[in-house]
Amino acid sequence: MKENEYPILKVTNVEWDKDHDEFDTLPTEFELKWGFKNWDTDEVSKWISQKFDWVFDSINIQQVGTWQEDSG
């Protein structure tokens with residue numbers, strides 16, 4: 001990866017814990033522009049739980065590309 005290039009992660013098959021009041025509004029798949037060169041499943045999983053303020057039972061994460069941060 002180039003210096004200003006970061007991973008794009010595809011998050012799929014998110015099975016949210018069903019005790020959530022608004023369970024139906026939570027996404028089951030999305031893409032994420034990760035802001036760090038390296039990533040691991042535990043770190044991304046923790047970020048997703050914090051972002052959506054809820055826990056999940058299972059998840060799939062894979063890198064599907066890269067994005068470049070504008071240097072200007």
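No hydrogens, no waters, no symmetry mates; every other heavy atom, side chains included, goes into these values. Numbers here are sequence positions counted from 1.
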Exercise. If you round to the nearest 0.5 Å, how far is CD of E69 from NZ of K2?
Worked result: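 The distance works out to 14.0 Å.
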Problem set entry | L9 side, atom CG; I48 side, atom CD1 - distance, nearest 0.5 Å |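 Those atoms lie 8.0 Å apart.
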Problem set entry | Test log, rule side-chain contact (heavy atoms from CB on, under 4.5 Å), inputs T12 and K10 | CA-CA 6 Å; T12 58; K10 181 150 182 115; 3.7 Å; yes
For this session: For W54 and D17, indicate whether the former's side chain and the latter's backbone hold a donor-acceptor pair under 3.5 Å.
Result: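 Side chain of W54 to backbone of D17, a donor-acceptor pair under 3.5 Å: yes, one is there.
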For this session: Name all residues meeting the side-chain hydrogen bond (donor to acceptor under 3.5 Å, both in side chains) criterion together with E29; count only those two or more places apart in sequence or in a different chain, and write none if there are none.
Result: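 Not a single residue meets the side-chain hydrogen bond (donor to acceptor under 3.5 Å, both in side chains) criterion with E29.
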Exercise. Is there a side-chain contact (heavy atoms from CB on, under 4.5 Å) between V11 and I59 once you walk through the steps?
Worked result: CA-CA 7 Å; V11 179; I59 194 169; 3.4 Å; yes
Exercise. Hey, any chance Y6 and I8 share a hydrophobic cluster, counting ILVMFWY side chains that come within less than 4.5 Å of each other, even indirectly?
Worked result: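 Per the 4.5 Å side-chain linkage, Y6 and I8 are co-clustered.
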Problem set entry | Worked check of side-chain contact (heavy atoms from CB on, under 4.5 Å) between W34 and V44 | CA-CA 9 Å; W34 194 245; V44 176; 4.0 Å; yes
Exercise. Which atom pair, heavy atoms only, marks the closest approach of P27 to W16?
Worked result: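 Heavy atoms of P27 and W16 come nearest at O-NE1, 2.6 Å.
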Problem set entry | Summary of salt bridge (charged side-chain N to carboxylate O under 4.0 Å, His left out) pairs that have at least one residue in residues 35-47, sequence neighbours excluded |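 Not a single pair qualifies under salt bridge (charged side-chain N to carboxylate O under 4.0 Å, His left out).
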Problem set entry | Pairs satisfying side-chain hydrogen bond (donor to acceptor under 3.5 Å, both in side chains), at least one member in residues 58-67, at least two apart |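 Pairs touching residues 58-67 that pass the test: E5-T66, W39-Q63.
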Exercise. In terms of ring plane angle, is the pair F30 and F52 parallel, tilted or perpendicular, where the classes change at 30° and 60°?
Worked result: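 Taking F52 first and then F30, their aromatic rings sit tilted (interplane angle of 30° to 60°).
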For this session: Kindly indicate whether the side chain of S45, heavy atoms from C-beta on, has any atom under 4.5 Å from the side chain of F56.
Result: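 S45 vs F56: side chains touch.
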